[in-house]
Amino acid sequence: MTTRYLEIRQGVLSKNDQLAATLRGRLQAAGLLTLNVVSSPGSGKTALLERMMGDMRKTGHPVAALVGDLQTDNDAKRLARSGAPVRQIVTDGMCHLEVEMITAHLNAWDLDLNTLEFFFIENVGNLVCPTWYDLGEDLRIVLLSVTEGEDKPLKYPSMFYSADVAIITKMDLAEACEFDRALAHENILSVRPGIRIFETSAKKGTGIAELIDFLVHTRAKKYVG
Amino acid sequence: MHELSIAYSLVQNASEAAQQAGARKVNKVFLRLGQLSGVVKEALLFGYDIATKGTPLEGSELVIQTLPIVIYCASPQCQQEFTISGLQGFRCPKCNQPSNQIRQGRELEIEKLEIEVD
Ligand SMILES: Nc1nc2c(ncn2[C@@H]2O[C@H](COP(=O)(O)OP(=O)(O)OP(=O)(O)O)[C@@H](O)[C@H]2O)c(=O)[nH]1
Ligand SMILES: [Mg+2]
Ligand SMILES: [Zn+2]
């Protein structure tokens, strides 16, 4: 026997990347804009989506969602109150979603993608593990709530760097938390120069219309030209 | 803790490559790991031992090369790459401008295997 080197140069997540590209193609062929929503646990992903999805449906923009959690289907139940089709992915301890789970749930779901405009994926609350798992999304949306500290982007630069849109949530609590808005913007922009930043309160409904407007425009640009 | 799922993907990819090359045995797996990959080296080594159990890679060594973050500063006075230490945002250490060109640091890549062949 002889010893030799075998050059590989292959990403460890290359399989996930390939499957994600396939799924993206399928979702885009149906004219969907797909959003992967990430944040720390409890930053307000479900609250924001519940609000947005209800408003989007009312304004004639059909939407569906898949939501990932370690345990329970509580978040899917909350999102379903918007009236949109929703399914829960229980990861059973796994700290992130992988594209295979998305594909499997879509395949087992009698959902006609062609009737939809937007597809939300609420990731597991975690700012590390979901970072490099492409789920076939068009945009990755990262949330930062005013209660969790302005320096989060510096502590989790990879996730903020990987995002396309940032949303500062729970703005109704900003004053009570002595939230430093300028510093938060500066920190986000220092890890991801040029990123679009929104500010919302799911509780009060502020900033929601602007965000929906942005998504509608982004989708229109993508498919209408 | 997603290192265990990373370890399983790693072992699967490496096993397939080794098999295709007709390897009798895999001695070492060389991995390039960027500081931004979000993967903790110790946790991955631990996960590797679990993920290799009962596979052709059992008993092999995972050799991890850690790669620092390298950014490119596009400002007129710099126009060059910098290695940055710590995670203080992706600012140029010389002119303090934020950079959105990360040239190195995201790697999570199998570089090569050391195998035994007939
Ligand atoms: N005041 C206020 N509270 C909010 C707002 N959005 C969310 N919350 C509260 O924050 C808590 C967490 O919100 P969720 O929407 O469940 O957060 P999440 O990111 O989906 O959490 P996980 O899925 O567990 O990671 C809940 O108690 C919400 O009521 C907001 O805009 N204002
Ligand atoms: Mg939630
Ligand atoms: Zn510079």
Other residues, nucleotides and ligands only: do more than 12 of their heavy atoms fall within 6.0 Å of CD on B:Q79? yes

One should read off an interatomic distance between B:L10 CG and A:Q10 CD, to the nearest 0.5 angstrom, of 10.0 Å

Output for pair (A:L13 CG, B:L108 CG), nearest 0.5 Å, gives 5.0 Å

Determine whether more than 12 heavy atoms belonging to other residues, nucleotides or ligands lie under 6.0 Å from atom CD of B:Q19. no

How far apart are the C-alpha atoms of B:E111 and A:R9, what are their side-chain angles, what is the distance that settles it, and do they pass the side-chain contact (heavy atoms from CB on, under 4.5 Å) test? CA-CA 4 Å; B:E111 185 187 5; A:R9 291 249 160 205; 4.1 Å; yes

How far does CZ of A:R192 sit from CG of B:N100, to the nearest 0.5 angstrom? 6.5 Å

Contact class of A:L189 relative to chain B, heavy atoms under 4.5 angstrom: backbone

Need one label for B:A23: side chain, backbone, both or neither, based on atoms under 4.5 Å from any heavy atom in chain A. neither

Considering only heavy atoms, which portion of B:L31 lies under 4.5 Å from any heavy atom of chain A: side chain, backbone, both, or neither? side chain

Within 6.0 angstrom of B:R103 CZ, more than 12 heavy atoms from elsewhere: yes

Quick one: salt bridge (Lys or Arg N to Asp or Glu O under 4.0 Å) partners of B:E116, sequence neighbours excluded? none

Contact leader toward chain B among A:G93, A:G11, A:S162, where contacts are heavy-atom pairs under 4.5 Å: A:G11

Could you have a look at A:I8, A:D151, A:N187 and say which one has the most heavy-atom pairs with chain B under 4.5 angstrom? A:I8

By a 4.5 Å heavy-atom criterion (distance strictly below it), what part of B:Q97 contacts chain A: side chain, backbone, both, or neither? neither

Should we say atom CD of A:E100 is surrounded by more than 12 heavy atoms from elsewhere, each under 6.0 Å from it? no

Is there any ring pair (Phe, Tyr, Trp, His ring centres under 6.0 Å) pair reaching into residues 133-181 of chain A, and which pairs are they, with sequence neighbours excluded? A:H96-A:Y133, A:Y161-B:F90

Does any backbone or side-chain atom of A:T3 lie under 4.5 Å from a heavy atom of chain B? Answer side chain, backbone, both or neither. both

Shortest non-hydrogen contact from A:S158 to B:L36? OG-O, 2.7 Å

Does B:Q77 CD have over 12 foreign heavy atoms under 6.0 Å away? yes

Interface residue of largest heavy-atom contact number with chain A, from B:I6, B:N27, B:V39, under 4.5 Å: B:I6

Taking all non-hydrogen atoms of both residues, which atom of A:S14 and which atom of B:N13 are closest, and how far apart? OG-ND2, 3.8 Å

Quick one: pull up CG in A:L6 and NZ in B:K28 and give me the separation to the nearest 0.5 Å. 15.0 Å

Could you check whether any side-chain N or O of A:S190 sits under 3.5 Å from a backbone N or O of B:P98, counting only pairs where one atom can act as donor and the other as acceptor? no

In Å and rounded to the nearest 0.5 Å, what is the CD to OG distance from A:E98 to B:S5? 5.5 Å

Bottom line for B:E16: the part with an atom under 4.5 Å from chain A's heavy atoms is side chain

Ignoring hydrogens, what is the shortest heavy-atom contact between B:S9 and A:V12? Give both atom names and the distance. CB-O, 3.6 Å

Reported NZ-to-CE distance for the pair B:K25 and A:M1, which is rounded to 0.5 angstrom: 7.0 Å

